[in-house]
**Student:** 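Attaching a single structure in structure tokens format; questions to follow.
Here is the naming used below: chain letters follow the sequence lines, and residue numbers restart at 1 for every chain.
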Amino acid sequence: MLGVEFIRSNPDEVRQALSFRGASESVNLVDEVLEQDRILREALTLQQAKQQEINSASRTVGTLMREGNKEAATDLIQRQKKLKAEVKELGQTVSDSEEQLSKLLLAIPNIPHESVPEGLTEAENVTIHRHGEPPSFDFEPLPHWTISDRHGMIDFERGAKVAGAGFPFYMDVGAKLHRALINFFLSAATPQYTEVRPPLFVNAASAQGTGQLPDKEGQMYFIEDGFFPVPTAEVPLTNYFRDEILSEADLPIKLCAHTPCWRREAGSYGAHVRGLNRLHQFDKVEIVQFTHPHASYDVLEAMRLHAEELLKALELPYRCLLMCAGELGFNQAKQYDLEVWSAGQKRWLEVSSISNFTDYQARRMNIRFRPDGGGKPQLVHTLNGSALALPRVVAALLEHNQKKDGSYEFPSALTPYLT
RNA sequence: GGAGGGGUGCCGGAGUGGUCGAACGGGGUGGUCUCGAAAACCAUUGUAGGCAAUGCCUACCGGGGGUUCGAAUCCCUCCCCCUCCGCCA
């Protein structure tokens with residue numbers, strides 16, 4: 001979320017950012033914040049003044065009691081009753097407006113970076129560059145679900161029987177390819193990033209910290225005892241330092257993890273969810289960084305390149321998109337998507353999203369660092385990226401490398417891992 | 001799941017109703033001493049917030065609520081940790 005102080009001193013900038021994102025209907029939230037903030041501070045000031053009176057009177061009562069002057073003490077106690085009631089009432093006002101204010105703040109998205117292009121729809125995302133070209137085949141290339149079916153790699157039907165649609169079984173070579181990709185991705189990340197095995201369920205506080213809650217319950221599963229199965233490793237990894245103060249010297253901190261990801265994908269349907277295109281459970285290797293505020297945009301580029309290198313090594317044609325203001329995630333200040341070419345479906349599939357959240361998540365999670373040489377703690381910047389999400393890479397690999405006779409081969413980068 | 005014991009500042013650890021934001025020790029920082037270092041000594045060392053703002057004040061001793069003129073200290077509740085028993089991969 002944004003800081004109240006920031007909104008208080010830059011209301012116009014926030015309003016502009018909201019309309020830039022195409023959330024013009026939310027612009028009045030800014031005025032609500034300012035008003036609520038005013039009410040809050042007014043009540044707070046008054047409450048604190050009255051509390052001060054009570055505190056000093058209590059000290060006097062203590063002295064009088066010790067001196068044995070019970071009568072004077074009782075007098076004073078009587079006079080405090082009224083003040084106490086007033087403080088209690090003001091306290092109610094304070095907590096009410098705090099609650100209101102925090103609801104409002106959670107409803108205001110991050111401010112887009114100046115380099116974010118204008119636009120409200122997918123069509124206005126900017127293609128930064130392409131690598132490789134969609135290949136031409138001297139036969140009609142098949143979609144991955146047909147190929148995987150022929151080779152017994154993925155069993156969607158039995159997955160649907162045992163769990164439900166979107167929960168496939170990967171069998172034999174399919175399972176092995178999965179394991180190879182996970183290891184390949186992790187091996188590529190671990191020279192820089194610390195490998196982590198995080199909890200796969202998180203609590204509500206963590207889900208709110210990274211921005212899944214409130215409002216995005218439709219995305220996550222919720223299970224008994226208050227747990228959320230992770231929709232991405234971003235959640236446990238970024239919350240790792242929640243409510244902590246780091247040392248500036250420790251920055252940047254780089255974490256990576258392979259986890260399954262569970263998503264409800266409520267409302268998805270049609271041909272675009274066929275096969276591996278959209279699943280309720282999938283695997284992903286995620287990279288996360290906690291950086292100094294000055295460094296985050298350089299780090300964003302580095303993380304993007306890291307993900308791109310993986311696709312290059314897999315010899316898959318891909319394009320890199322810079323998301324326009326309207327397509328930018330709620331918490332993001334700047335975001336790239338990487339899309340691979342699906343030869344069988346003849347369309348681009350998103351396999352990675354790399355984002356800079358600036359201090360937006362850090363403020364929600366209260367993750368700060370103490371500057372070298374002391375001074376007030378400052379918020380870190382957080383970033384994350386998929387490097388990479390598995391199923392669509394599997395789909396693209398099968399489709400891209402298919403041969404007319406129905407055979408296939410995988411890129412040599414995977415050979416050491418396919419054992 | 002049952003029984004019991006705990007959660008205090010960067011760390012250890014006092015404190016069971018009245019200047020306690022918190023003794024004492026360690027650590028960190030600054031200084032004195034020294035050619036320098038060590039030792040010793042002195043000083044300093046949390047976070048958030050409000051205001052008429054080189055200062056004053058409020059809140060915070062796991063979280064929330066309550067009792068009281070006054071709570072780190074008493075009560076309720078939740079969370080977490082430890083020990084023993086049970087169960088279990």
**Student:** Please say which of A/His400, A/Glu399, A/Arg392 ends up in a side-chain contact (heavy atoms from CB on, under 4.5 Å) with A/Ser342.
**Tutor:** A/Glu399
**Student:** Under 4.0 angstrom, heavy atoms only, what part of the nucleic acid is A/Lys70 near: base, sugar-phosphate, or nothing?
**Tutor:**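 Nothing: the residue A/Lys70, judged by heavy atoms under 4.0 Å, touches no strand.
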**Student:** If you walk 5' to 3' along RNA chain B, what is the first nucleotide with an atom under 4.0 Å of a heavy atom in chain A, and what is the last?
**Tutor:** B/G18 to B/G70
**Student:** Taking atom C1' in both B/G18 and B/A72, what distance in whole Å separates the two?
**Tutor:**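 B/G18 and B/A72 have their C1' atoms separated by 13 Å.
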**Student:** Return the nucleotide paired to B/U34: Watson-Crick means purine N1 to pyrimidine N3 with N6-O4 or O6-N4, wobble means G-U with N1-O2 and O6-N3, both under 3.5 Å.
**Tutor:** none
**Student:** Can you tell me how far C1' in B/G9 sits from the matching atom in B/A22, rounded to whole Å?
**Tutor:**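 Pairwise C1' distance, B/G9 against B/A22, rounds to 9 Å.
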**Student:** Can you tell me how far P in B/U8 sits from the matching atom in B/A14, rounded to whole Å?
**Tutor:** 11 Å
**Student:** Would you call the rings of A/His151 and A/Tyr408 parallel, tilted or perpendicular, taking 30° and 60° as the class edges?
**Tutor:** perpendicular
**Student:** Heavy-atom nearest nucleotide on RNA chain B for A/Arg41 versus A/Val61: which residue maps closer to 5'?
**Tutor:** A/Arg41
**Student:** Please list, in numerical order, the residues of residues 46-56 of chain A that have a heavy atom closer than 4.0 Å to any atom of RNA chain B.
**Tutor:**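 Per residue number, the list reads A/Gln48, A/Gln51, A/Gln52, A/Asn55.
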**Student:** Considering heavy-atom distances to RNA chain B, does A/Lys84 or A/Thr45 have its closest nucleotide positioned more toward the 5' end?
**Tutor:** A/Thr45
**Student:** When rounded to the nearest 0.5 angstrom, what distance separates CG in A/Leu388 from CZ in A/Phe185?
**Tutor:**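 Atom-to-atom, A/Leu388:CG and A/Phe185:CZ are 4.0 Å apart.
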**Student:** Tell which nucleotide pairs with B/C69, taking only Watson-Crick or G-U wobble pairs whose two distances are both under 3.5 angstrom.
**Tutor:** B/G18
**Student:** Between B/G6 and B/U19, how far apart are the two P atoms, rounded to whole Å?
**Tutor:** 24 Å
**Student:** Considering only the P atoms, how many Å lie between B/G26 and B/A40, rounded to the nearest integer?
**Tutor:** 8 Å
**Student:** Do we get A/Arg158 above A/Phe169's six-membered ring, with its NZ or CZ under 6.0 Å from the centre and within 45° of the axis?
**Tutor:**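 No - A/Arg158 does not lie over the ring of A/Phe169 by the 6.0 Å and 45° rule.
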**Student:** Base, sugar-phosphate, or nothing for A/Arg8, non-hydrogen atoms under 4.0 angstrom?
**Tutor:**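 Counting heavy atoms under 4.0 Å across all strands, the contact made by A/Arg8 is with sugar-phosphate only.
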**Student:** Students often mix this up, so state it plainly: with edges at 30° and 60°, are the rings of A/Phe330 and A/Tyr360 parallel, tilted or perpendicular?
**Tutor:**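 Rings of A/Phe330 and A/Tyr360: perpendicular, over 60°.
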**Student:** Just say parallel, tilted or perpendicular for the rings of A/Trp348 and A/Trp341, cut-offs at 30° and 60°.
**Tutor:**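 Aromatic pair A/Trp348/A/Trp341 classed perpendicular.
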**Student:** Is the A/His280 ring parallel, tilted or perpendicular to the A/Tyr221 ring (thresholds 30°, 60°)?
**Tutor:** perpendicular
**Student:** OG of A/Ser206 to OH of A/Tyr240: how many Å apart, nearest 0.5 Å?
**Tutor:** 13.0 Å
**Student:** Applying a 4.0 Å non-hydrogen cut-off, can you work out what A/Leu76 is touching in the nucleic acid: base, sugar-phosphate, or nothing?
**Tutor:** nothing
**Student:** Thinking salt bridges, do A/Glu244 and A/Arg368 make one under a 4.0 Å N-O criterion?
**Tutor:** no
**Student:** Identify whether the distance between the nearest side-chain nitrogen and carboxylate oxygen of A/Arg41 and A/Asp37 falls below 4.0 Å.
**Tutor:**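 A/Asp37 and A/Arg41: salt-bridged.
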**Student:** Taking atom P in both B/U77 and B/G2, what distance in whole Å separates the two?
**Tutor:**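 To the nearest whole Å, 15 Å.
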**Student:** Decide yes or no for A/Thr210 and A/Gln361: does some side-chain heavy atom of the first lie under 4.5 Å from some side-chain heavy atom of the second?
**Tutor:** yes
**Student:** Please state the C1' separation for the pair B/C78 and B/G17 - nearest whole angstrom.
**Tutor:** 25 Å
**Student:** Could A/Glu157 and A/Lys161 be called an ion pair, given the rule that one side-chain N must be under 4.0 Å from one carboxylate O?
**Tutor:** no
**Student:** Partner lookup for B/A59, please. Criteria are Watson-Crick or G-U wobble with both distances under 3.5 angstrom; report none if nothing qualifies.
**Tutor:** B/U47
**Student:** Scan residues 88-102 of chain A against RNA chain B and write down, sorted by residue number, each residue with any heavy atom closer than 4.0 Å; if none is found, say none.
**Tutor:** none
**Student:** If B/C87 has a Watson-Crick or G-U wobble mate with both distances under 3.5 Å, name it; if not, just say none.
**Tutor:**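 Partner of B/C87: none.
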**Student:** With P as the reference atom in both, quote the distance from B/U68 to B/C82 in angstrom, rounded to an integer.
**Tutor:**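 That atom pair is separated by 38 Å.
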